[in-house]
Amino acid sequence: MKIKAINGVKDILSDEIVYWQKIEKTARDIFRRFGINEIRLPILEKTELFARSIGEATDIVEKEMYTFVDKGITMRPEITASLLRAYVEHGLQVRQPIQRLFSIGPVFRHERPQKGRQRQFHQVDVEVIGAQEPQVDAELMAMGQMLLNELNLDVSLEINSLGCPECRPDFRKKLIAYLHERHDSLCDDCKRRIEKNPLRVLDCKQQGCRAMVQEAPSIVDNLCSACEEHFAAVRKQLDRLEVSYTLNRFMVRGLDYYNRTTFEFLTTDLGAQAAVAAGGRYDGLVEQLGGPKNTPGIGFAMGMERLCLLMQQQEGQQEEQGGADIFIAALGEQAIAFAAPFVHQLRKLGLQAAMDYSNRSLKAQMKQAGRLKAGFTLIIGEQELEQGRGILRNMDTQEQNEFSLQEGAAMLAEVIAPDKA
RNA sequence: GUGAGCGUAGCUCAGCUGGUGGUAGCACCGGGUUGUGGCCUCGGAGGUCGUGGGUUCAAGUCCCAUCGUUCACCCCA
């Protein structure tokens, strides 16, 4: 019985890794421009951290966490909580009142896997802690859009406001009352949601619920004046930054800590998994985790596997893996003995150099060189070794020249890759 | 947790109403080229048809179970 990877996790093989590297490289470059610094966080945290931040009654906490019950430790189902924990723990606010941080890594949720959804997946997470201005909300969305644009991805931005502890309870009551009146026309899931998470009904995919929800009271029409003002300013700023978006009055969040601005970057190309990035404001969460009072915050996370899928899917984008600078084909034990240190020297000089020790036929070695996408092949046989001259073949042009082995690796590097040597 | 589909070579898949598993494609190895890759050509290796039962003279094919997997629901990046 072969041992296979467990359900919901995936090996990322090297031909796919180019997409991951591109995402990370692009993200890091953009974060640099926006003054967002990296922070690396543990994957394991006290279970309580997630229960308190994400919410005891959320699906994530209730049934999706990988928890070592006997140790009270959980593998993070998201990054925001960990990042805020670190912020509070190290008192980062005293170094710089507004902290702009990002973190990249795996997160874990025990859900049934499907397209674009795994049990171990990876997020690029960005948080701006300590700034309450609506311009920050807009800036973050503009940055998200810039990032996705630079990855050549075609996505749309939807935004909404969820209000705050001032206005949401009233709206919630209003909505519950509305839903109760129409209880019979709701789907079974939504009947259940009325008490548990009434806002969720707004986001239901069932036709019947959808139609009914059109007439339902919407959050944006029931914001308190402070929230309304904030949201209006966010939208105004988005316009100034020329970020196009649509208002989705029915967008809600699955995590309890969100308030005011929420947003999602969506695609129609990933089946049921529309959101490639999502986030929102969480004023109050930092305080709730023991941090300074009235610390606002906002952030979002991007799903890396979803981005990878999209990159591969949209416009057949393909990332090419770079090839070797040179392959040394050595024929015979003596040539192999000579070539090995030569290859080592080339590597020291910064070139990607390769050879094969198994003394295979030249044909086989040429084939291998081709597979490695080598720019050049240096052929060293018994004869060449005796004469001190290798045959240097340009693999693209098929041109061949003699190369005097006495000239050494540095000269060879100069010839084949002057930019690297 | 719920529902549906699919498990045949490393990968992608044929295999009809049951009758000996395919010169299949890609990839791999070797020959054609006594020492030259990609293209071509010839050959080779690679499988207990997911597993366990059942029906049958006979099961990759039908039935049941089980495991795995995919998609969808729930939920979410």
Side-chain angles (χ1 to χ4, degrees), chain A residues 1-8 10 13 15 23 54 58-64 77-80 104-126 144 155 187-190 192-193 196-197 200 203-206 251-255 263-267 270-280 299-310 323-324 327 329-332 335 358-384 390-396 398-400:
Chain A
M1 190 68 91
K2 264 189 275 186
I3 297 178
K4 304 204 312 184
I6 62 175
N7 194 11
K10 221 180 91 198
L13 302 183
D15 45 349
I23 292 169
I54 297 170
T58 57
D59 279 18
I60 291 178
V61 172
E62 251 176 21
K63 52 191 192 197
E64 294 174 2
E78 62 134 16
I79 297 179
T80 303
I104 299 176
V107 295
F108 305 82
R109 291 182 200 169
H110 189 96
E111 305 176 275
R112 282 290 271 275
Q114 64 190 69
K115 187 179 176 72
R117 179 204 285 168
Q118 292 161 219
R119 287 180 171 172
Q120 174 178 345
F121 61 105
H122 300 76
Q123 290 188 333
V124 175
D125 186 78
V126 189
V155 297
C187 70
D188 289 346
D189 281 326
C190 283
R192 194 164 43 74
R193 285 171 177 140
K196 198 187 157 202
N197 188 356
R200 204 64 275 154
D203 209 24
C204 184
K205 288 175 186 168
Q206 298 291 323
M251 187 174 81
V252 297
R253 308 269 68 196
L255 288 66
F263 56 97
E264 290 183 352
F265 288 97
L266 303 170
T267 175
L270 288 183
Q273 267 54 247
V276 297
F300 73 95
M302 303 192 301
M304 295 181 79
E305 345 338 67
R306 290 182 185 177
L307 294 177
C308 282
L309 283 172
L310 263 194
F327 183 89
L331 303 168
S358 63
N359 200 11
R360 300 206 289 165
S361 71
L362 181 59
K363 180 175 179 170
Q365 295 197 49
M366 290 301 293
K367 203 172 169 185
Q368 193 179 347
R371 238 193 325 252
L372 293 170
K373 297 189 199 117
F376 291 85
T377 297
L378 180 64
I379 301 166
I380 306 174
E382 309 273 353
Q383 267 181 30
E384 286 81 5
I391 300 169
L392 185 62
R393 177 182 177 88
N394 180 317
M395 297 296 275
D396 292 325
Q398 305 191 27
E399 233 178 308
Q400 298 195 161

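Quick note on labels: first sequence line is chain A, next is B, and so on, each numbered from 1.
Phosphate proximity of B:rA72 to A:Gln114: present, with a side-chain N or O under 4.0 Å from OP1 or OP2. The phosphate of B:rC29 (OP1 or OP2) has a side-chain N or O of A:Lys367 nearer than 4.0 angstrom. In this structure, A:Arg192 does not reach the B:rC74 phosphate: none of its side-chain N or O atoms is under 4.0 Å from OP1 or OP2. Between A:Gln398 and B:rG37 there is no side-chain polar atom (N or O) within less than 4.0 angstrom of OP1 or OP2. OP1 or OP2 of B:rG3 has not a single side-chain nitrogen or oxygen of A:Arg112 nearer than 4.0 Å. Within the 4.0 Å cut-off from OP1 or OP2 of B:rA27, not a single side-chain nitrogen or oxygen of A:Arg371 is found.
The side chain of A:Arg306 has B:rA77 as its nearest neighbour among B:rG30, B:rG37, B:rA77. Proximity note for A:Arg393 (side chain, C-beta onward) versus B:rC75, B:rG35, B:rG37: the nearest is B:rG37. When the nucleotides B:rC71, B:rA77, B:rG35 are ranked by their closest atom to the side chain of A:Leu255, B:rA77 comes out on top.
In this structure, the side chain of A:Asn394 does not engage the main chain of A:Phe376 through any donor-acceptor pair within 3.5 Å.
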The test is salt bridge (Lys or Arg N to Asp or Glu O under 4.0 Å); show your working for A:Arg253 and A:Glu264 and say whether it passes.
CA-CA 10 Å; A:Arg253 308 269 68 196; A:Glu264 290 183 352; 2.3 Å; yes

For A:Gln123 and A:Met302, what are the C-alpha separation, side-chain angles and deciding distance, and is it a side chain to side chain contact (heavy atoms under 4.5 Å, CB included)?
CA-CA 5 Å; A:Gln123 290 188 333; A:Met302 303 192 301; over 6 Å; no

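On the P atoms, B:rC62 is 16 Å away from B:rG21, given to the nearest whole Å. Nucleotides B:rG50 and B:rU34 are separated by 45 Å at their P atoms, to the nearest Å.
Within 4.0 Å of A:Lys115, counting heavy atoms only, lie sugar-phosphate atoms of the nucleic acid but no base atom. No engagement by A:Gly279 is indicated, since no non-hydrogen atom pair under 4.0 Å with the nucleic acid exists. In this structure, A:Arg360 reaches the sugar-phosphate backbone alone: every heavy-atom distance under 4.0 Å involves primed, P, OP1 or OP2 atoms, never a base. Among the protein residues, A:Asn7 comes within range of the sugar-phosphate backbone only, with heavy atoms under 4.0 Å from sugar or phosphate atoms but none that close to a base. Note on A:Ala329: nothing from the nucleic acid sits closer than 4.0 angstrom, heavy atoms only. Nucleic acid contact for A:Gln365: none, since no nucleic acid atom lies under 4.0 Å from a heavy atom of the residue.
For the pair A:Asp203 CG and B:rA77 C1', the interatomic distance rounds to 14 Å; values are reported in whole Å.
Mapping A:Leu362 and A:Arg253 onto RNA chain B via the closest heavy atom, the residue that lands nearer the 5' end is A:Leu362. With the nearest nucleotide of RNA chain B identified for both A:Glu78 and A:Ala5, A:Ala5 has the one nearer the 5' end.
Side-chain contact, A:Gln400 with A:Arg393: a donor N or O sits under 3.5 Å from an acceptor N or O.
The pairing partner recorded for B:rG44 is B:rC28, the criterion being a Watson-Crick or G-U wobble arrangement whose two distances lie under 3.5 angstrom. Within the shown strands, B:rG5 is the pairing partner of B:rU69 under the Watson-Crick or G-U definition, both distances less than 3.5 Å.
Annotation: the span from A:Asn7 atom CG to A:Arg119 atom CZ amounts to 4.5 Å, rounded to 0.5 Å.
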